[in-house]
Number of protein chains: 2
Amino acid sequence: MNAPVLSHSRCGDCPIRHRAVCARCNADELEELDAIKYYRTYEAGQPIIWSGDVMNFVGSVVSGIASLTQTMEDGRTQMVGLLLPSDFVGRPGREGAAYDVVATTDVVMCCFRKKPFEELMERTPHIAHRLLEMTLDELDAAREWMLVLGRKTAREKIASLLAIIARRDATLTPGGATNRMVFDLPLTREAMADYLGLTLETVSRQISALKRDCVIELEGKRHVTVPDMRRLMEEAGDDSDGGFLG
Amino acid sequence: MNAPVLSHSRCGDCPIRHRAVCARCNADELEELDAIKYYRTYEAGQPIIWSGDVMNFVGSVVSGIASLTQTMEDGRTQMVGLLLPSDFVGRPGREGAAYDVVATTDVVMCCFRKKPFEELMERTPHIAHRLLEMTLDELDAAREWMLVLGRKTAREKIASLLAIIARRDATLTPGGATNRMVFDLPLTREAMADYLGLTLETVSRQISALKRDCVIELEGKRHVTVPDMRRLMEEAGDDSDGGFLG
DNA sequence: GGTCCGGATTGATCTGGGTCAAAGCTCTGG
DNA sequence: CCAGAGCTTTGACCCAGATCAATCCGGACC
């Protein structure tokens, strides 16, 4: 069931190093990280951790998408975070996991054994500092999402989700109008519903509505073109441009 | 408009020291904190910081309640955090504030000037460590709240809020049944609505319903008695007891 | 080709919570 | 004592989104 451990590679080569916890490490520190580092793969749908389990590692997503979810006894579930490549998983200094972590697509994780990682962190202020930064980022994202969940309409929720995914995933189509974007939805309608606090039927209807109104174009069920990001941001009820338009 | 700076007092005397950032500091470090520390008061309703403002301090709430809110252009607002005594405000390493912070009741804050605080943090790993812990706590709270906002019914939302306030504020009535609790609501119906993603009318109706069903007793509009916390937790749709029952 | 199966879409209907409106409390100040 | 302001409650009605149910689509596999 557990996927095989992949080959080691120098931490400096890690494909996510630019945003990762080790971004500012010197040679000695990288050496140490390499010693406790390993890669691990998970198939789409596979659980990575269950809420309450003891977590013996921390790490970053290298590729694929994982989600953090909370579930009530009666089955209602709410996704509380989306882990995209370079996002960090794990809570240094905490024993157990606080949420279920599930691989939404096939996922490759870059993991560090927890105990030695914490020891290294103890000795290396800039790693603790970087972790604090990343945690503050997550906190901001969580709180932004609270506004989406608490106050936005279904249509605005969908637009907000598309905007977030575009911000992280999409490539500006070169040469075209500056604010055209193209990407693949990494989530099923049901997963979107769980993220947005909606039902999958409502998600489907609102996506159809956005398509009908030419806010987005769809090719198949997953491939999305946003002809005008500005328009999408308006639909999201978001005044700021999210930092990706000039 | 700005409230007067209160008298200094040794950091060791700080009434919130038990949970505060300086909980583990030695004498030298406390000395340093004292040098950059001051108290500040805000009246109920007064803004403490506006979203986007440059923040030149960090600090903790000593007494009173403040709230973090986000507002859309059309006026819809969502409270994204409740700051109770001992909670930390401010984002070390960040320039601006991310949300509006408003004093919901009269508030006393224990503040540290930001620049020197950050320098001290740079030199003092356990402060950075403590901040990371506190930020992780906030992240957990935010994500727990996402489940409330996304998936719970109005009645469950109210019960969840009452449970949270009880957990932080209430005293177990000594001698009585072990799980009886009494406290004062520190929020108006409107503020509750903003926290819960509801309207104030719905909040009022659901509180009346909980009263009618004997889940709570009300004396005036703010003084609440919970005769059986277990029952309240059930109403909140929360299987766990939140850690305060035997 | 056909059949299965796991999404996704679309329609019909229902309902929880929003909206609009009218009182009702309680405190302050004259 | 009354008047007014601010908060709260309650009622009547409405609508966005949930629920229930019927297809539909596009692979994978025989």
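Chain naming here is simple, since letters A, B, ... match the order of the sequence lines and numbering starts at 1 in each.
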Divergence of helical axes at both termini of the helix from C:dG1-D:dC30 to C:dG30-D:dC1 - five pairs an end, 10° steps: 30°
Short N-O contact, B:Asp137 and A:Arg91, less than 4.0 angstrom: no
Among D:dG17, D:dT19, C:dT9, the nucleotide that comes nearest once only the side chain of A:Leu218 is considered: C:dT9
Separation of C:dG7 P from A:His223 NE2 (nearest whole Å): 21 Å
DNA chain C-proximal residues of residues 201-211 of chain B, any heavy atom under 4.0 Å: B:Glu201, B:Thr202, B:Arg205
Heavy-atom donor-acceptor pair, B:Arg151 side chain to A:Arg76 backbone, under 3.5 Å: no
Exam field: side chain B:Thr105 to backbone B:Ile65, donor-acceptor pair closer than 3.5 Å: yes
Under 3.5 Å donor-acceptor, B:Gln78 side chain and B:Tyr195 backbone: yes
d(CZ, A:Arg189; P, D:dC25) in whole Å: 15 Å
Rounded distance (Å) that lies between atom C1' of D:dA16 and atom NZ of A:Lys152: 17 Å
Of A:Gly220 and A:Leu198, the one whose closest DNA chain D nucleotide lies more 5': A:Leu198
Nearest-neighbour nucleotide for the A:Lys221 side chain, C:dA8, C:dT19, D:dA18 considered: C:dA8
Min side-chain heavy-atom separation B:Asp140-A:Arg94 under 4.5 Å: yes
Sugar-phosphate only, base, or nothing, as touched by B:Gly45 at under 4.0 Å among non-hydrogen atoms: nothing
Student check: side-chain heavy atoms of A:Arg143 and B:Glu138 closer than 4.5 Å: yes
Validation row: A:Val226, A:Leu162 side chains within 4.5 angstrom (heavy atoms): no
Proximity to the side chain of A:Thr188 - top-ranked nucleotide from C:dT26, C:dG7, D:dG17: C:dG7
Pair A:Arg231 + A:Glu235, salt bridge at N-O below 4.0 Å: yes
Whole angstrom value for the distance that separates C1' of D:dT9 from CG of B:Leu200: 10 Å
Gap between atoms CZ and C1', on A:Arg76 and D:dT19 respectively (whole Å): 15 Å
Main-chain N/O of A:Val102 paired with A:Gln46 side-chain donor or acceptor, under 3.5 Å: no
